[in-house]
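Data block below; observations after.
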Amino acid sequence: MRVLKFSPVFILPAALAFGCYSCQPAGSSKSGDSTHTTISADSTGKEYLSQPLVSHIYTADPSAHVFNGRIYIYPSHDTATGIPEDDLGSHFDMKDFHVLSMDAVGGPVTDHGVALSIKDIPWAGRQLWAPDAAYVNGTYYLYFPVKDKKDVFHIGVATSTKPEGPFTAEKEPIPRSYSIDPCVFRDDDGKFYMYFGGIWGGQLQRWNSNQYDSAKGNRTPEELAILPRMAMLDKDMKHFDGPVDEVKIVDEKGQPFHEKDNDKRFFEASWMHKYKGKYYFSYSTGDTHNLCYAIGDSPRGPFTYKGIILKPVEGWTSHHSIIEKDGKWYLFYHDVQLSGKTYLRNVKVTELHYNEDGSIQTINPSL
Ligand code: FUB
């Protein structure tokens, strides 16, 4: 376990360049600015809204939760393994997970060490991608996508008695699960839902009517956009209860998006949160790099597109989570500030604000 203080390496140049408002830790509020958090620059002079939460390892795809009053972050653990970059994301060649935690945004971050390693997942082949976590009845569940030994992504589950792990993986993937980026949401009635899927390297285009076809390619611009998937979780939290359904996302006129609407259509990185009784389904548009959201009246949708939460970050991928802690809402996200490399990312956090009508104020990650 490692407790890390906020690195002064990134604060000093910012302080010199922009004055004392950049001297605050990541996530603290800048006086007089209700929308944004820290504004600071690195040694290259680039300005960032927030600073990396940790810099001793590369982390991405942060799924944050509040367990026992503490913030736990379940990120991917990026490493450089020498795999060349391609359109399928082969360079995201991750081997294990670390769990991070902190008492409050802006406080010291603890790295709890390896929580689960790919070598301890009996069915895994390669590429341990974006995880999520859930808690019920004394057990913590870690959900993760990984390619099986035939190079097909499925979603696995591992359990622990502690939020930081170590986690023990089930021997097989969750039956009927596929593709990537699980998000597990607990509704107020205690039911859990998993949202998942990602196109291109996430292989969702190969799954039609829940059947796998390795030859199925990406959709063309005039075709309907591929939709994310969802399923209710069984009480054992290790199986789906009921069918795997598409998550319907429509525009303000109730029309579905086409593949050519790639600044709004779903690509990957599902997240679900509830605000004032409404269900907010958020996701990445992938090749156009937006983090968007759509609102619905039920966890099953349909969801109506509302706008952009986070404009494109530095790097190719964008991935996030949204939580409430002590009456404030936070967006966890990542960019490549520390490395400048697509596949070596770092997680960040900033405050998120709603308008009176329930819309989310768009955040610009670099000012
Ligand atoms: O980290 C690997 C993949 O990159 C994730 O699964 C996607 O959401 C993207 O962030």
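Counting from 1, the numbers follow the sequence of the chain as shown. Indexing begins at 1, ligand by ligand and atom by atom, following the structure's order.
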Sub-4.0 Å heavy-atom contact, Met94 with ligand 1: yes
Residue His319 vicinity, atoms of ligand 1 by number, heavy atom under 4.0 Å: 7 (C), 8 (O), 10 (O)
Aromatic ring proximity Tyr178/Tyr212, centre distance under 6.0 Å: no
Closest protein heavy atom to atom 6 (O) of ligand 1, given as residue, atom name and distance to 0.1 Å: Asp181 OD1, 2.5 Å
Nearest non-hydrogen protein atom, atom 3 (C) of ligand 1: Trp129 CE3, 3.8 Å
Atom 9 (C) of ligand 1 - nearest protein heavy atom and its distance: Glu268 OE2, 3.3 Å
Sole candidate of Thr288, Asp287, Thr285 that passes side chain to side chain donor-acceptor pair (under 3.5 Å) when paired with Arg265: Asp287
Min side-chain heavy-atom separation Met230-Arg300 under 4.5 Å: yes
Protein heavy atom at shortest distance from atom 1 (O) of ligand 1: Asp61 OD2, 2.5 Å
Contact atoms of ligand 1, heavy-atom distance to Ala130 under 4.0 Å: 6 (O)
Minimum side-chain heavy-atom gap Arg345-Phe92 below 4.5 Å: yes
Check: Asp96/Ser117 side-chain N/O donor and acceptor closer than 3.5 Å: no
Residue part near ligand 1, for Arg345, under 4.0 Å between non-hydrogen atoms: side chain
Pair Tyr280 and Trp271, ring centroids less than 6.0 Å apart: no
